[in-house]
Participant: 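A single structure is presented below for examination.
Please read all numbers here as calculations on a predicted model, not as lab measurements. For this chain, numbers begin at 1 and follow the sequence in order.
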Amino acid sequence: MSLQIDNNTIFKIGESLRDVNKPLKDRFRNLFTLKNINNEQAISEIAKSFKDSSALFKHELAYCLGQMKNALAIPILTEVLSDESQEAIVRHEAAEAIGAIGLFTSLPLLETYRDHKIVEIAETCDIAIDRIKWLQTQQSEPSNSYHSVDPAPPMEIKSTSELADILLNEKKKLFERYSAMFSLRDKGGDSEVLALCKGLKCKSALFRHEIAFVLGQMAHPLSIDSLKETLENKQEHGMVRHECAEALGAIATSECFEILNKYLQDDERVVRESCDIALDMYDYENSDQFQYADGLSKHV
């Protein structure tokens with residue numbers, strides 16, 4: 001999807017995107033507008049925001065650049081991944097975005113960070129490498145009903161129990177386990193949701209965060225208890241708790257509203273901000289609006 005908007009309007013959207021006096025939810029909407037415009041200037045306006053103080057916001061910038069699948073974003077994402085001053089959650093998302101764009105020429109960069117001391121960055125680069133190599137064997141990339149560019153393709157396996165076994169097998173490569181995850185998401189039933197919830201107990205924080213993301217896409221009430229438990233765990237990685245908060249915002253029941261309000265003053269900024277964004281998602285999901293905004297309410 002690409003919108004045709006004049007350059008002056010894009011510049012003004014970019015200025016609004018960077019206005020730290022605006023509520024974060026409004027700046028997110030500016031970001032999704034630029035994502036849908038998806039041209040060189042829109043990418044440039046997004047790039048200017050990587051100096052922001054909010055890791056959550058910068059992580060969403062990187063996510064959107066990946067979803068745009070525009071090769072013009074590669075130099076920006078390369079700089080973010082390589083910047084040791086950027087938060088791990090931002091650098092991980094930049095690596096995932098590079099994998100989403102899927103250029104073979106990105107492999108040397110990703111190989112450089114495959115053994116990074118920050119395990120979430122290393123694991124993301126490993127998955128991105130496998131995704132790009134997989135893309136080289138494909139005529140075309142399969143689409144999904146969530147309209148998302150995923151870090152791994154779904155498997156052809158149809159058995160929920162077999163997919164669940166792969167998902168929870170800590171000895172298998174993350175790329176394979178991700179593929180099982182997306183297959184379970186695409187099947188979408190109660191048993192698949194419950195299988196995915198078990199993934200919130202797996203060893204890898206990166207994997208747990210992606211499980212929460214997928215549960216947010218599915219927006220199934222059966223996942224509320226597991227997401228709540230993970231969000232409430234102060235020992236859990238912030239990137240996992242943040243994704244649980246956004247997933248609860250997407251599910252948008254009254255119970256979710258109560259849970260999210262409890263963590264608006266959390267010690268971790270990324271969690272506080274995610275709860276604020278999630279409550280805005282909740283408001284939209286429970287209004288007569290068709291959807292929250294393209295990109296944030298990831299299950300629409």
Participant: Does atom CD (Glu141) have a neighbourhood of more than 12 heavy atoms from anything else shown, all under 6.0 Å?
Facilitator: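 Atom CD in Glu141 is packed in, count exceeds 12.
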Participant: In this structure, which one of Asn233, Asp266, Thr230 forms a side-chain hydrogen bond (donor to acceptor under 3.5 Å, both in side chains) with Arg241?
Facilitator: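 Checked Asn233, Asp266, Thr230 against Arg241; only one passes side-chain hydrogen bond (donor to acceptor under 3.5 Å, both in side chains): Asp266.
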Participant: If only atom types and distance count, is the side chain of Ser16 paired as donor or acceptor with the main-chain N or O of Ile13 below 3.5 Å?
Facilitator: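 Side chain of Ser16 to backbone of Ile13: no pair is present.
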Participant: Within this structure, what is the OG1-CD distance for the pair Thr33 and Glu45, rounded to the nearest 0.5 Å?
Facilitator: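 Atom-to-atom, Thr33:OG1 and Glu45:CD are 12.5 Å apart.
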Participant: What is the ring orientation for His92 with His209, classed by angle as parallel under 30°, tilted 30 to 60°, or perpendicular over 60°?
Facilitator: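 Because their plane-to-plane angle is over 60°, the rings of His92 and His209 count as perpendicular.
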Participant: Closer than 3.5 angstrom, by distance alone: can the side chain of Arg208 be matched with the main-chain N or O of Lys203 as a donor-acceptor pair?
Facilitator: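 Present.
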Participant: Is the Phe57 ring parallel, tilted or perpendicular to the Phe28 ring (thresholds 30°, 60°)?
Facilitator: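 Rings of Phe57 and Phe28: tilted, 30 to 60°.
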Participant: In sequence, state the C-alpha distance, the side-chain angles, and the governing distance for Arg114 and Asp126, and then conclude on salt bridge (charged side-chain N to carboxylate O under 4.0 Å, His left out).
Facilitator: CA-CA 6 Å; Arg114 195 175 204 168; Asp126 189 59; 2.6 Å; yes
Participant: For Lys51, is the NZ atom crowded, meaning more than 12 foreign heavy atoms sit under 6.0 Å from it?
Facilitator: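 Result for NZ/Lys51: open.
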Participant: Going through the distances and angles, do Asp83 and Lys58 end up as a salt bridge (charged side-chain N to carboxylate O under 4.0 Å, His left out)?
Facilitator: CA-CA 13 Å; Asp83 186 353; Lys58 291 182 291 186; over 6 Å; no
Participant: Among Phe182, Tyr146, Tyr178, which one satisfies side-chain contact (heavy atoms from CB on, under 4.5 Å) with Val214?
Facilitator: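 Output: one option passes, namely Phe182.
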Participant: Look only at the side chain of Thr124 and the backbone of Glu120, and say whether a donor-acceptor pair between them is shorter than 3.5 Å.
Facilitator: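 At least one qualifying donor-acceptor pair exists.
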Participant: Are more than 12 heavy atoms, taken from residues, nucleotides or ligands other than Glu84, located less than 6.0 Å from that residue's CD atom?
Facilitator: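 It does: Glu84 CD has more than 12 such atoms within range.
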Participant: Closest approach of Ala164 and Ala195, non-hydrogen atoms and distance?
Facilitator: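 In terms of heavy atoms, the two residues are closest at CB-CB, 4.0 Å.
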Participant: Can you find a pair of side-chain heavy atoms, one from Asn70 and one from Ile101, that are under 4.5 Å apart?
Facilitator: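 Heavy-atom side-chain distance check fails, nothing below 4.5 Å.
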Participant: Below 4.5 Å, heavy atoms only, C-beta onward: do Val270 and His59 meet side chain to side chain?
Facilitator: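 They are not in contact (no side-chain heavy atoms under 4.5 Å apart), so the answer is no.
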Participant: Report the C-alpha distance between Val149 and Arg131 in whole Å, list the side-chain angles of each, state the deciding distance to 0.1 Å, and finish with yes or no for side-chain contact (heavy atoms from CB on, under 4.5 Å).
Facilitator: CA-CA 11 Å; Val149 183; Arg131 171 179 154 77; 3.5 Å; yes
Participant: Quick one: CD on Glu243 to CG on Leu248, what's the gap to the nearest 0.5 Å?
Facilitator: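 The distance works out to 11.0 Å.
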Participant: Val119 and Met239: same hydrophobic cluster, using ILVMFWY side-chain contacts below 4.5 Å?
Facilitator: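 Different hydrophobic clusters.
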Participant: Can you tell me how far the CD1 atom of Ile43 sits from the SG atom of Cys64, to the nearest 0.5 Å?
Facilitator: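 Between Ile43 CD1 and Cys64 SG, I get 11.5 Å after rounding to 0.5 Å.
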Participant: Compare all side-chain heavy atoms of Ile259 with those of Ile224 and state whether any distance is below 4.5 angstrom.
Facilitator: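 Answer yes - side chains close enough.
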Participant: Output the distance between atom NZ (Lys158) and atom CG (Asp186), rounded to the nearest 0.5 Å.
Facilitator: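 Going from NZ on Lys158 over to CG on Asp186, the span is 9.0 Å.
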Participant: Taking all heavy atoms of Leu34 and all of Gly14, pick out the closest pair and write down the distance.
Facilitator: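 Nearest heavy atoms, Leu34 then Gly14: CD1-CA, 4.4 Å.
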Participant: For the backbone of Pro108 and the side chain of Thr112, can you confirm whether one donor and one acceptor N or O come within less than 3.5 Å of each other?
Facilitator: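 Yes.
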Participant: Transitively linked via ILVMFWY side-chain contacts under 4.5 Å: Ile118 with Leu77?
Facilitator: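 Ile118 and Leu77: one cluster.
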Participant: Find out if a path of hydrophobic residues (ILVMFWY) with successive side-chain heavy-atom gaps under 4.5 Å connects Phe11 to Phe32.
Facilitator: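 No: no chain of side-chain contacts under 4.5 Å links Phe11 to Phe32.
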Participant: Just so I know, are the side chains of Pro153 and Gln138 near enough to count as touching, which here means a heavy-atom distance under 4.5 Å?
Facilitator: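 Answer no - side chains too far apart.
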Participant: Of all the heavy-atom pairs spanning Leu110 and Ala95, show the shortest one and how long it is.
Facilitator: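 Looking at all heavy atoms of both residues, the closest pair is CD2-O, 4.2 Å.
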Participant: Could you please spell out the steps behind the side-chain contact (heavy atoms from CB on, under 4.5 Å) verdict for Met181 and Ile211?
Facilitator: CA-CA 7 Å; Met181 179 196 315; Ile211 290 281; 4.1 Å; yes
Participant: Hydrophobic clustering (ILVMFWY, side-chain heavy atoms < 4.5 Å, transitive) - are Trp134 and Ile157 grouped together?
Facilitator: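 As far as the 4.5 Å side-chain criterion goes, Trp134 and Ile157 are connected within one cluster.
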Participant: Hey, mind stepping through Glu60 and Tyr63 against side-chain contact (heavy atoms from CB on, under 4.5 Å) and telling me if it holds?
Facilitator: CA-CA 5 Å; Glu60 200 72 15; Tyr63 173 79; 3.9 Å; yes
Participant: CZ/Arg177 to OG/Ser179 distance, rounded to the nearest 0.5 angstrom?
Facilitator: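 That separation rounds to 12.0 Å.
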Participant: Indicate yes or no for a side-chain donor-acceptor contact from Arg27 to the backbone of Leu17 under 3.5 Å, with no hydrogens or angles considered.
Facilitator: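 Judged by distance alone, yes, a pair lies under 3.5 Å.
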Participant: Considering only heavy atoms from C-beta outward, does the side chain of Thr105 approach that of Ile74 to under 4.5 Å?
Facilitator: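 Side chain of Thr105 against side chain of Ile74, heavy atoms only: no contact under 4.5 Å found.
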Participant: Of all heavy-atom pairs between Gly188 and Met218, which one has the smallest distance, and what is that distance?
Facilitator: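 The pair with the smallest heavy-atom distance is CA-CE, 3.6 Å.
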Participant: Tell me, do Ser274 and Leu56 make a side-chain contact under 4.5 Å, heavy atoms counted?
Facilitator: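 Yes, close enough: below the 4.5 Å cut-off.
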Participant: On a heavy-atom basis, which atom in Ala278 and which in Leu260 lie closest, and how many Å separate them?
Facilitator: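 That would be CB-CD1, 3.7 Å.
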Participant: Crowded around Gln136 CD? As in, over 12 foreign heavy atoms under 6.0 Å?
Facilitator: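 Yes, the 6.0 Å shell around CD holds more than 12 heavy atoms from other groups.
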Participant: Counting only heavy atoms not in Lys48, do more than 12 fall under 6.0 Å of its NZ?
Facilitator: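 Yes.
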Participant: Report yes if the side chains of Val80 and Leu61 come closer than 4.5 Å at any heavy-atom pair, otherwise no.
Facilitator: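 The answer is no, as the side chains (C-beta and beyond) never meet within the 4.5 Å cut-off.
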Participant: Ignoring hydrogens and geometry, is there a side-chain-to-backbone donor-acceptor pair from Glu93 to Ala62 under 3.5 Å?
Facilitator: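 The answer is no, because no donor-acceptor pair under 3.5 Å joins these two groups.
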Participant: Assess whether side-chain contact (heavy atoms from CB on, under 4.5 Å) is satisfied between Val271 and Leu231, documenting all intermediate values.
Facilitator: CA-CA 9 Å; Val271 175; Leu231 174 60; 3.9 Å; yes
Participant: May I ask you to say whether Lys228 pairs ionically with Asp225, meaning some side-chain N is under 4.0 Å from a carboxylate O?
Facilitator: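 No, Lys228 and Asp225 are not salt-bridged.
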Participant: Just wondering, do Phe207 and Glu123 contact through their side chains at under 4.5 Å, heavy atoms?
Facilitator: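 No, too far: nothing below the 4.5 Å cut-off.
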Participant: Quick check: are there more than 12 heavy atoms from other residues, nucleotides or ligands sitting under 6.0 Å from NZ of Lys69?
Facilitator: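 Correct, the count exceeds 12.
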Participant: Taking Ala42's backbone N and O only, do any of them form a donor-acceptor pair with Asn39's side chain (distance below 3.5 Å, no angle check)?
Facilitator: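 A pair under 3.5 Å: yes.
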Participant: Can you give me the closest heavy-atom contact between Ala73 and Leu65, atom names plus distance?
Facilitator: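 Heavy atoms only, the tightest pair is CB-CD2, 4.0 Å.
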Participant: Step through the shown structure and confirm whether more than 12 heavy atoms of other residues, nucleotides or ligands are within 6.0 Å of CD on Gln265.
Facilitator: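 Incorrect, the count does not exceed 12.
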Participant: Hey, what do you get for NZ (Lys133) to CZ (Phe175), rounding to the nearest 0.5 Å?
Facilitator: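 Separation between the atoms: 11.0 Å.
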Participant: I'd like to know if the side chain of Asn144 reaches the main chain of Ser148, judged simply by a donor and an acceptor atom lying under 3.5 Å from each other, with no hydrogens or angles considered.
Facilitator: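 Yes.
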Participant: Please check if the number of heavy atoms outside Glu111 that lie under 6.0 Å from its CD is greater than 12.
Facilitator: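 It does: Glu111 CD has more than 12 such atoms within range.
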Participant: Please confirm whether the backbone N or O of Asp52 pairs with a side-chain atom of Arg18, one donor and one acceptor, at under 3.5 Å?
Facilitator: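 A pair under 3.5 Å: no.
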Participant: Is the side chain of Asp190 donor-acceptor paired with the backbone N or O of Leu222 at a distance under 3.5 Å, no angle test?
Facilitator: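 Judged by distance alone, no pair lies under 3.5 Å.
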Participant: Should Leu109 and Phe104 be counted in the same cluster of Ile, Leu, Val, Met, Phe, Trp and Tyr side chains packed under 4.5 Å apart?
Facilitator: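 Yes, same cluster.
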